[in-house]
There are 2 protein chains.
Amino acid sequence: MQTEDLRISLRVRRFLLSEISDHQRIDVFDSYEMGRVLALDSRIQLTERDEFLYHEMLVHPAMLTHPDPRRVLVVGGGDGGAVREVLKHPTVERVVQVELDAAVVEAARRFLPGLSSGYSDPRHELVIGDGVRYVEETGERFDVVVVDSTDPIGEASPLFSDRFYSGVARVLLEGGIVEAQGETPFLYPDVTGSLCATVKRVLGRVKVILGFVPSYQSGMWAFVLGSRDADLEVPPAELRRRYEERGLEGRTRFYTPEVHVGLSNLPPFIRELLDRHGV
Amino acid sequence: MQTEDLRISLRVRRFLLSEISDHQRIDVFDSYEMGRVLALDSRIQLTERDEFLYHEMLVHPAMLTHPDPRRVLVVGGGDGGAVREVLKHPTVERVVQVELDAAVVEAARRFLPGLSSGYSDPRHELVIGDGVRYVEETGERFDVVVVDSTDPIGEASPLFSDRFYSGVARVLLEGGIVEAQGETPFLYPDVTGSLCATVKRVLGRVKVILGFVPSYQSGMWAFVLGSRDADLEVPPAELRRRYEERGLEGRTRFYTPEVHVGLSNLPPFIRELLDRHGV
């Protein structure tokens, strides 16, 4: 969610791409302070300088909460950053990614090689299509589902619905876990709150972890985990064991098991907003 | 630190004050998204909506790391927010505040009553003057020193110097602790790193805690604790005991002992920047 009343502006060094795809306007430019930037419909989606803060927290909490994630579904995330992080886990045998807009994938392949590197991995399969329909119709099942959506306005709003999470419930294997970006609980507490309520209502279990995303409004972001049957609270020592066993030490710049546990300690104002939404 | 290459903009509803004091330009205005705002030399110092995130993390980590803080010095913080948080601790017998610019205090009294409420507390004494000289010359000694400075450019830069911290060392009682705002380690890692190096060099012990400040650039802020002799790592159960004993439960919206401990788990990229600075 973004408002014109509080705006983050980046000075543009050079535009590399401006196009109107079938779904949205896509811009790629080099900025002075934050490296290369991808914007969709004039909203910043990522900057090279801070995308690790977002993608690591979007992926590793769910992947490490699962003891052995082999099959992973990424919904959205056309820039490739989520897939790149998923593929750091050597347990992974297959990553299916369902992205609505082929033009975003193409733009990332051309202009964001640091993000789209996973697209050449043989374990990755790209499906161009609608995430809501995919989870309703596919015969595949997954250990982890990562929901890397844009803001809940326009085409991404179905990814915040009960209908979508019913589909997620359908494709999750036993012990399966979903993690979604949960918007800013500081500026739009009811957006975060209602997503958490949806996940809890449909799946039964929900957990919120905070993260920092400097290029998103307010810089305070929620990451929302859900499951029907998995324990979302893994003991810190077990998270650490999995992190090391999977060779992730030294391969994450923000995420560690201790950061994961630390940012799960929610401040009272966030605890209250979740309470208001029955979470 | 602020750069024009990454800018946070707030839409102004109404200006309440614009004046040039002996030290700086002072603006107070009502914004659409963030409540009332104080800006010094056109840089946002605080907004009513998010100031609790800053002031609670600037004050309570040091105050709760100290087992019995009675005498507190606040350097800067003319808006009153730091003093307000200090006075929540019933152990406090006296708070001396040294602020350079009387006009900021006056503006806060008139336009920011939610921040300046502590100014009418009989335990509070205001000294208008230079913080560096104060800590070099005063005969008073303190359990906790809180450094609520502006960015290290212009008049606030001496508050980031070895000379200032030598003065802080001079006024700290046995077991005394200093806490300072440490700028954004994401955008300007060397500013945070060199402050930490200064504190370590002069005092001997240093600890960094992260916090969220949406209205400051990048939203990721460092809070830096230092001491000559106090153990800056207090067991979580002891922090919780002090927090409850001092009646703080329900009186903080962001800070809890668990948040304090959680945000002390530093991500690798911050650990690395501190290593580069020998911290």
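Numbered from 1 within each chain, the chains take letters A, B, ... in sequence-line order. Predicted, not measured: the structure shown is a model, and the values here were computed from it.
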Novice: Chain B: which of A/Ser31, A/Pro214, A/Gly262 shares the most heavy-atom pairs with it under 4.5 Å?
Specialist: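 Most heavy-atom pairs within the cutoff with chain B belong to A/Pro214.
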Novice: Name the region of A/Leu53, side chain, backbone, both or neither, that has any atom closer than 4.5 Å to a heavy atom of chain B.
Specialist: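 Side chain only.
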Novice: Specify the closest pair of heavy atoms between B/Leu17 and B/Ala107, including all atoms of both residues, with the distance to one decimal.
Specialist: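 Nearest heavy atoms, B/Leu17 then B/Ala107: CD2-CB, 3.6 Å.
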Novice: So how far is it from B/Thr256 OG1 to B/Glu249 CD, rounded to the nearest 0.5 Å?
Specialist: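 Output value for this atom pair is 8.5 Å.
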Novice: Please look at A/Met34 and chain B and tell me whether the side chain, the backbone, both or neither of the residue comes under 4.5 angstrom of a heavy atom of that chain.
Specialist: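 It is the side chain, since no backbone atom gets that close.
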Novice: Determine the minimum heavy-atom distance between A/Leu58 and A/Val147, stating which atoms define it.
Specialist: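 Looking at all heavy atoms of both residues, the closest pair is CD1-O, 3.8 Å.
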Novice: So that I know where these two stand, are B/Tyr54 and B/Phe212 an aromatic pair - ring centroids less than 6.0 Å apart?
Specialist: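 No, ring centres 6.0 Å or more apart.
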Novice: Side chain, backbone, both or neither: which part of A/Val259 has a heavy atom under 4.5 Å from chain B?
Specialist: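 The answer is both parts of A/Val259.
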Novice: Using ring centroids (six-membered ring only for Trp), state whether A/His60 and A/His89 fall under 6.0 Å.
Specialist: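 Under 6.0 Å, so yes.
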Novice: Which class fits the ring pair B/His260 and B/Tyr255: parallel under 30°, tilted 30 to 60°, perpendicular over 60°?
Specialist: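 Perpendicular.
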Novice: Rounded at 0.5 Å granularity, tell me how far OG in A/Ser215 sits from CD1 in A/Ile44.
Specialist: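 Spacing of OG (A/Ser215) from CD1 (A/Ile44) equals 6.0 Å.
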Novice: In terms of heavy-atom pairs under 4.5 Å with chain A, which of B/Arg253, B/Met220, B/Arg13, B/Glu56 leads?
Specialist: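 Most heavy-atom pairs within the cutoff with chain A belong to B/Arg253.
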Novice: Using only non-hydrogen atoms and a strict under-4.5 angstrom cutoff, which residues of residues 268-279 of chain B touch chain A?
Specialist: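 Answer by number: B/Pro268, B/Phe269.
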Novice: Would you say the side-chain atoms of A/Thr65 pair up with the backbone N or O of A/Pro61, donor to acceptor, closer than 3.5 Å?
Specialist: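 At least one qualifying donor-acceptor pair exists.
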Novice: With chain A as the partner, which of B/Asn265, B/Leu266, B/Val261 has the greatest number of non-hydrogen pairs under 4.5 Å?
Specialist: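 Counting heavy-atom pairs under 4.5 Å, the top option is B/Asn265.
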Novice: Any chance the rings of A/Phe254 and A/Phe52 have centres within less than 6.0 Å?
Specialist: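 Centroid separation for A/Phe254 and A/Phe52: 6.0 Å or greater.
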